[in-house]
*Asks:* 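Provided herewith is a single structure, encoded as structure tokens, for subsequent inquiry.
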Amino acid sequence: MTAVREQLPEGRYGRGSDADARADRTLKRVGIVLGAIALVLVGWFGWAKITGTQVSGEVIKFQVVSDAAVQAHIEVLKDAGTTAVCTLRSVSEDGDEVGRRDVRLSAHKTQIDTVVTIRTTARGTSAELVGCQPA
């Protein structure tokens, strides 16, 4: 019977198995470091997006005061130190916009309830909150 070799002859086929193992370890380390950096960056941008300054609002109720005005009761949620600008509009019965107003809210509270009067060029039938954003 002849003996079967388990390993290749040293130096015959390029680098030895120790060099391959070192290269594998180095690649694993580089992969772990790059993966950790990518994870930190994704976490950082996600946290900034979630915790960024956000302002939201809604119309609680509205009342048509006259042919030239509509009052809207709005509630706005924001950070305490943030100034918010909310845009309201009123539309007529046929859907045309008859009034628009930007309201600046700078009170140092997180929740603001206020009544706003929107001047109209014709009789408005509703009041809508177009949107709120930080100033």
Side-chain angles (χ1 to χ4, degrees):
M1 260 201 194
T2 54
V4 178
R5 282 189 171 189
E6 295 289 327
Q7 296 178 344
L8 297 174
E10 280 298 317
R12 186 165 183 183
Y13 297 105
R15 299 184 303 184
S17 62
D18 289 339
D20 288 341
R22 278 194 307 271
D24 287 345
R25 284 192 302 270
T26 302
L27 284 175
K28 286 179 186 177
R29 288 178 184 151
V30 168
I32 289 171
V33 168
L34 290 177
I37 290 171
L39 186 63
V40 167
L41 286 175
V42 168
W44 177 265
F45 288 120
W47 180 257
K49 179 71 174 170
I50 290 171
T51 62
T53 302
Q54 297 178 354
V55 177
S56 64
E58 65 178 319
V59 175
I60 304 299
K61 63 181 179 178
F62 69 90
Q63 179 180 5
V64 178
V65 179
S66 67
D67 287 343
V70 174
Q71 282 186 340
H73 177 198
I74 62 171
E75 179 183 86
V76 178
L77 301 173
K78 64 178 188 65
D79 292 339
T82 303
T83 298
V85 176
C86 295
T87 303
L88 294 138
R89 75 179 192 152
S90 180
V91 296
S92 64
E93 191 171 325
D94 59 358
D96 292 335
E97 183 176 299
V98 293
R100 181 176 281 256
R101 180 168 180 195
D102 289 333
V103 180
R104 187 177 184 89
L105 304 166
S106 58
H108 291 290
K109 296 190 287 185
T110 58
Q111 179 178 350
I112 299 173
D113 286 321
T114 187
V115 177
V116 178
T117 301
I118 306 166
R119 290 185 178 185
T120 60
T121 57
R123 186 166 187 84
T125 57
S126 70
E128 301 173 355
L129 181 65
V130 176
C132 292
Q133 61 211 16

*Asks:* Would you give the length of the straight line joining atom OG1 of Thr120 to atom CD of Glu97, rounded to the nearest 0.5 angstrom?
*Replies:* 11.0 Å
*Asks:* Could you give the distance from CD (Glu128) to CD1 (Ile118), rounded to the nearest 0.5 Å?
*Replies:* 9.0 Å
*Asks:* Counting only heavy atoms not in Glu93, do more than 12 sit closer than 6.0 Å to its CD atom?
*Replies:* no
*Asks:* Indicate the atoms forming the closest heavy-atom contact of Ala84 with Val55, along with that distance.
*Replies:* CB-CG1, 3.6 Å
*Asks:* Test side-chain contact (heavy atoms from CB on, under 4.5 Å) on Thr83 and Arg104 and set out the steps.
*Replies:* CA-CA 7 Å; Thr83 298; Arg104 187 177 184 89; 3.8 Å; yes
*Asks:* Before you tell me yes or no, could you show the steps for Val70 and Arg119 under side-chain contact (heavy atoms from CB on, under 4.5 Å), namely the whole-Å CA-CA distance, both residues' side-chain angles and the distance that decides it to 0.1 Å?
*Replies:* CA-CA 7 Å; Val70 174; Arg119 290 185 178 185; over 6 Å; no
*Asks:* How many angstroms lie between CD in Gln71 and NE2 in His73, if you round to the nearest 0.5 Å?
*Replies:* 11.0 Å
*Asks:* So do the side chains of Thr114 and Ile74 get within less than 4.5 Å of each other, counting heavy atoms only?
*Replies:* yes
*Asks:* Is the closest side-chain heavy-atom distance between Arg22 and Asp24 below 4.5 Å?
*Replies:* no
*Asks:* So, taking the atom named SG in Cys132 and the one named CG in Leu77, what distance separates them when rounded to the nearest 0.5 Å?
*Replies:* 9.5 Å
*Asks:* Calculate, to the nearest 0.5 Å, the distance between atoms NZ and CD belonging to Lys78 and Gln54 respectively.
*Replies:* 14.0 Å
*Asks:* Shortest non-hydrogen contact from Ser90 to Ser126?
*Replies:* OG-O, 2.7 Å
*Asks:* Applying the 4.5 Å side-chain criterion to the ILVMFWY set and letting contacts propagate, would Val42 and Leu34 be lumped into a single cluster?
*Replies:* no
*Asks:* To check you understand the geometry: which heavy-atom pair defines the closest contact between Gly124 and Val64, and what is its length?
*Replies:* O-CG2, 3.2 Å
*Asks:* First locate atom SG of Cys86, then atom CZ of Arg101, and finally report the distance between them rounded to the nearest 0.5 Å.
*Replies:* 11.5 Å
*Asks:* Thr125 side chain to Val91 main-chain N or O, any donor-acceptor pair under 3.5 Å?
*Replies:* yes
*Asks:* Just so I know, are the side chains of Leu105 and Val103 near enough to count as touching, which here means a heavy-atom distance under 4.5 Å?
*Replies:* yes
*Asks:* Apply the side chain to side chain contact (heavy atoms under 4.5 Å, CB included) test between Val116 and each candidate in Leu129, Val59, Leu88; give the one that qualifies.
*Replies:* Leu88
*Asks:* Any donor-acceptor pair under 3.5 Å linking the side chain of Lys28 with the backbone of Ala23?
*Replies:* no
